[in-house]
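This report refers to the structure that appears directly beneath it.
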Amino acid sequence: MLPLIVFAVGIAVYNYRQDRSDATRRVLENVRSMRLVMDSEVQRMAGGLQVLALTNSLRNDDFQNFRRIALGFVEQYGKGGLVLISDRKGRLLFSSATEDTASLPPRGNLAIVERVFATRSPQYSDLFIGAINGRQVITVEVPVFRDGEVIYDLCFSPPISIFQELVEKQRPDQLWTVSLVDTKATVFARVPNPSATIGKQASGAIYDAMSRTSEETLSTVSLDGVPLSSAFTTSRLTGWRVVAGVAESSLIAPLWRNIAITSLIGGILLLTGLTFAVRMATTIARGEMLHNLLIDELNHRVKNTLALMQAIAVQTFRSASRDERTKFEGRLGALAEAHNLLSQEKWAGSELRDVIARALQPFLLNNPDRIRMAGPAVPLSPRLAVVLSMIVHEIATNAAKYGALSNESGRVTLDWEVITDASKPRLRLVWTELGGPPVTAPVRRGFGSRLIERSARDQLGGEATVDFLPRGVVCTVVCTLDETR
């Protein structure tokens, strides 16, 4: 009996090592997924700020009119958000919290203000004490241009609770510890025990590893004194890091349980004979092989997704200008917004009006009545939702730069209908601009126009046409609707 029990315990230990290896991979995959969610949220903030930076009120130093627009932006993020405008020397010229600019103190964290003016691109701060509210804050800051020169730093300090909610939603279960830390390894969001750990540096092993590499898996002890199997990864956008770990006790407990069960089974196997033992071993081996196959398939899909994101970034930023980077951030933001909407609906699809509203949200802050939408309820498959979100964002971006949304009087109507005269219903969406600058057909088609046409043709199996009429641009998109459940 003893040799059989020893053999069974050996199998349990082997399975434990395999499960531990799988758990380590799952932790790394989870922090990578959380990093994408965090980057998506931050890109949404930066994109909204860049739209604010283009408003005529801000460019003309009309801070009184800009206040209404800024407050509309802050309301999206709930209580505690703050928009500031400062000059190169850090003097505060505007605060969404007060109209009494004369009593405003100098900007805190002057180093990031200097980086905004020097790099002429968005910047993301570490955790610091805000000069106005005296609380720990994280900021997203973008330059404001006039005649090609940076004239202001436009700063948004979102409520820290946004990042706290993010880690709480992304936490797989109660046995996990999840943290967001800045470039100096200071915690600014965490579960569990956020009140006792925010503002502290990450634990020793994690802190040392962060100074050596951008991503790693390792065994650590949390700030709460809990041994963890941990992993971290670094955002290329902000430099912030996502750290997560699962309690070592949750990995060891199954080992002892398996040893006890296996010992009992060993005694039963001895009594029931070798034939039953062989059949049981075969069943276990097949189950383990299927388990490994499913895990490998999941890993393959996750790696493909990450590789796609990396390829997009490398190709776009290889020799990109500031305008091209802005376009990429906007397109990635539109893609992220579509994915956020689909995630809320559990990837069962979404409604066309919701998809359009998400894509147009940054363009409605200045004057929500300038874009009128009309059409029936149309359920979309995940594929259609993502592609149509990108197309609508591209059309609106062109209108904000050159068309009806680039002045104070232009208007846009967005109408859609479902055509049922064929075997499969088709969607026809018409974007019509009025009151914008005089329209002239471009000499050559830009990347945006090609993106619209190719997306409609290659990904939707339809077509897109852009007509440059004297009264304004008219863009028509026609595609076949997928069946939705």
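These numbers were taken from a predicted model, which means no experiment stands behind them.
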Discussion item. Can you see whether Arg35 engages Thr233 through a side-chain donor-acceptor pair at a distance of less than 3.5 angstrom?
Written reply: yes
Item to complete: Would you kindly say whether Thr220 and Ser230 are connected by a side-chain donor-acceptor distance under 3.5 Å?
Response: yes
Worksheet item: So, do Ile85 and Leu58 sit near enough that their side-chain heavy atoms are less than 4.5 Å apart?
Response: yes
Worksheet item: If we only count heavy atoms from C-beta on, is the Tyr124 to Leu237 side-chain gap below 4.5 Å?
Response: yes
Can you name the residues that form a side-chain hydrogen bond (donor to acceptor under 3.5 Å, both in side chains) with [X], not counting sequence neighbours?
X      : result
Ser57  : Asn65
Arg67  : none
Ser103 : Asp100
Gln164 : Glu168

Practice prompt. Identify, with sequence neighbours excluded, every residue that meets ring-ring contact (aromatic ring centres under 6.0 Å, His included) alongside Phe128.
Written response: none
Quiz: residues 104-114 side-chain donor-acceptor pairs under 3.5 angstrom, not counting sequence neighbours:
unit_1	atom_1	unit_2	atom_2	d
Arg107	NH1	Glu141	OE1	3.3
Arg107	NH2	Glu141	OE2	2.8

For [X], enumerate each residue passing the salt bridge (Lys or Arg N to Asp or Glu O under 4.0 Å) test, keeping only those at least two apart in sequence or located in another chain.
X      : answer
Glu215 : Arg32
Asp224 : Arg190
Asp61  : Arg146
Arg241 : none

Discussion item. Using side-chain hydrogen bond (donor to acceptor under 3.5 Å, both in side chains), reason through Glu99 and Gln64 one step at a time and then give a plain yes or no.
Written reply: CA-CA 9 Å; Glu99 296 186 17; Gln64 183 175 359; over 6 Å; no
Practice prompt. Evaluate the criterion ring-ring contact (aromatic ring centres under 6.0 Å, His included) for residue pair Phe156 and Phe73; output intermediate values, then yes/no.
Written response: CA-CA 10 Å; Phe156 175 50; Phe73 174 80; 5.0 Å; yes
Between [atom1] on residue [X] and [atom2] on residue [Y], distance to nearest 0.5 Å:
X      : Y      : atom1 : atom2 : result
Asn30  : Arg25  : CG    : CZ    : 13.0 Å
Leu380 : Arg353 : CG    : CZ    : 12.0 Å
Leu223 : Ile198 : CG    : CD1   : 11.5 Å
Asp153 : Arg88  : CG    : CZ    : 11.0 Å

Worksheet entry | Pairs involving residues 204-238, ordered by first then second residue, that meet ring pair (Phe, Tyr, Trp, His ring centres under 6.0 Å) (sequence neighbours left out) | none
Discussion item. Per the ring pair (Phe, Tyr, Trp, His ring centres under 6.0 Å) rule, what does the pair list look like for residues 86-123, sequence neighbours excluded?
Written reply: Phe66-Phe94
Worksheet item: Does the pair Asp458/Arg454 count as a salt bridge with the N-to-O cut at 4.0 Å?
Response: no
